[in-house]
> 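Take a look at the following structure, please.
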Amino acid sequence: MSRIILHVDMDYFYAAIEEHEDPSLKGKAVVVCMYSNRGEEGGAVSTCNYAARDAGIHSAMPCRLAKAVKPDAVFLPVRKPFYSEVSDMIMEIIRSYADNDGELFEKLGIDEAFLEVTTTSGGDLDKAQQIAQSIKDDVKELEGLTCSVGIGPNKIIAKMASSRQKPDGITVIREDEVDGFLRKMPVAKLWGIGKVTEEKLAGMGIDIVEDLAGRDVQELISVFGKIRGTWLKMAASGIDDDPVKEKTSSDQIGRMASLTHDTRKSDLVLSLLDELLDDVFSKVTARSVSFRSITVTVIYSNFKTVTKSHTLNHPMAEKALLREVSYQIMGELLDSSTVNIRRIGVRVGNLHENKGQKTLAEFF
DNA sequence: GAACAGAAAAC
DNA sequence: CCTCCTTTCTGTTC
């Protein structure tokens, strides 16, 4: 029996929250920026509302460029923790409509989620559409925000359907419409295909999804490897068995940031590293986990990225140790190149729950 | 198999 | 000249 899956996608989430908080922003172009450590100079657009999009602004665009394009737009810094709280409320609303007592639910980032309603809807797409409308009504009433919903027989189709009518839309793709829905789409629109794959496919004369679906799996496997090759063939054919399943909590906690200016002076680099370490470690504490691996990332002036990691013999949650290892790795990276550094990052991984056991500090 | 580095993707 | 966070896969090495 075929499934009915909904993908709920919040409309211009960060900017919409800011508009809702401050109604005087309504009607203006609102651009929410992720500023780096470089003031006006650095930073990229995180989200912007439709007035800003009409002016040609889009996410990932450098903030200074957005400002040049539309100087009278309102530029706001991201308030991630606040958006996360709003997100939590919305996710609970969405989850309440998912099959199996909310179990067939999958959060996908801060502003979108999948839910399966095969059982609740009794397999009826009209009923599924009513559920989508109820979710939209609840989110609007309780949080004052709009969202767009895609409905399809699997996650890929639902996900792609939700972006069909935006903002504030519902798009249903029946099983017999899947082919027509996908056929003429550029391959880059397929969820899971990014810039690199798009270009590789273009080199093979594959531009739209039907070109891809028509290729021999073996050929795709020979170019992209077994897993990716079969995935491409299946996805392009509209087939996706991936279940809606809640992600287990993340296995990594990390932070990255830009230096105020490119440098390779160790005191400057290490003081930023200290800030990042503080943040990472407080998240580790908040989640009461231990970590077994530590990774330091360096992005040079020329944007070349290098990572170096170290694995501990046992999971630990000591700040001093984290700091020591990170300093050690960073020292090696600084010694291994004469190029200035633009950004750095630190990440702990291989996380283990601290169930019951005390930290060293508590022990004494 | 584990550890490590890098690539790719999406948020 | 460009933000930040996480996951997943691939290739290499031991």
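Residue numbers start from 1 in every chain, and the chains themselves are labelled A, B, ... in the order their sequence lines are given, proteins ahead of strands. Only a predicted model underlies this, so the values are computations on that prediction, with no experimental measurement involved.
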> Excluding sequence neighbours, so at least two apart, what forms side chain to side chain contact (heavy atoms under 4.5 Å, CB included) with A:H261?
A:T263, A:L268

> Would you indicate which nucleotide in B:dC11, C:dC4, B:dA5 comes nearest to any side-chain atom of A:S258?
C:dC4

> Taking the side chain of A:R343 as its heavy atoms from C-beta onward, which of C:dC4, B:dA10, B:dA3 lies nearest to it?
C:dC4

> What is the separation between atom NZ on A:K304 and atom P on B:dG6, rounded to the nearest whole Å?
6 Å

> For B:dA5, does either OP1 or OP2 sit under 4.0 Å from a side-chain N or O belonging to A:T307?
no

> For the side chain of A:S309, starting at C-beta, report the closest nucleotide among B:dA8, B:dA5, C:dC4.
B:dA5

> Quick one: which of A:S162, A:S163, A:S148 gives a side-chain hydrogen bond (donor to acceptor under 3.5 Å, both in side chains) with A:H7?
A:S162

> Could you run through nucleotides 5-14 of chain C and give me one letter per nucleotide, 5' to 3': B if any protein heavy atom sits under 4.0 Å from the base, S if only the sugar-phosphate is that close, - if neither?
SSB--S----

> Categorize A:I193 for me: base, sugar-phosphate, or nothing, with a 4.0 angstrom heavy-atom threshold over every strand shown.
sugar-phosphate

> Whole Å only: how far is the CG atom of A:L333 from the C1' atom of B:dA5?
12 Å

> Pick base, sugar-phosphate or nothing for A:G42, based on heavy-atom distances below 4.0 Å to the nucleic acid.
nothing

> Taking a hydrophobic cluster as the set of Ile, Leu, Val, Met, Phe, Trp and Tyr residues connected by side-chain heavy atoms closer than 4.5 Å, whether directly or through intermediates, do A:I299 and A:I341 fall within one such cluster?
no

> Give a yes/no verdict on a cation-pi contact between A:K67 and A:F75, requiring under 6.0 Å between NZ or CZ and the six-membered ring centre and an angle within 45° of the axis.
yes

> NE2 of A:H58 versus P of B:dA10: gap in Å, rounded?
17 Å

> Establish, with yes or no, whether the OP1 or OP2 oxygen of B:dA5 is under 4.0 angstrom from a side-chain nitrogen or oxygen of A:K308.
yes

> List in chain and number order the residues that pass side-chain hydrogen bond (donor to acceptor under 3.5 Å, both in side chains) with A:Q130, two or more places apart in sequence or in another chain; answer none if no residue qualifies.
none

> For a quick check of understanding: with a heavy-atom distance under 4.0 Å over all strands, which category does A:R38 fall into, base, sugar-phosphate or nothing?
nothing

> Using ring-ring contact (aromatic ring centres under 6.0 Å, His included) as the criterion, list what pairs up with A:Y327, not counting sequence neighbours.
none

> Whole angstroms only, please: what is the OH-C1' distance between A:Y14 and C:dC4?
10 Å

> Let's see if you can work this out: which of C:dT3, B:dC11, B:dG6 has an atom nearest to the side-chain heavy atoms of A:R342?
C:dT3

> Provide, to the nearest angstrom, the distance between the NZ atom belonging to A:K200 and the P atom belonging to B:dA7.
12 Å

> To the nearest Å, how far apart are A:M160 CE and B:dA10 P?
11 Å

> Give the rounded distance in Å between these two atoms: NE2 of A:H310 and C1' of B:dA3.
11 Å

> Heavy atoms only, 4.0 Å cut-off, all strands: where does A:V306 land among base, sugar-phosphate and nothing?
sugar-phosphate

> Starting at CD1 of A:I110 and ending at C1' of C:dC4, how long is that distance when rounded to a whole Å?
12 Å

> Residues two or more places apart in sequence or in another chain: which of them pass side-chain hydrogen bond (donor to acceptor under 3.5 Å, both in side chains) with A:K233?
none

> Test of understanding: with ring-ring contact (aromatic ring centres under 6.0 Å, His included), list the residues that count as partners of A:F105, not counting sequence neighbours.
none

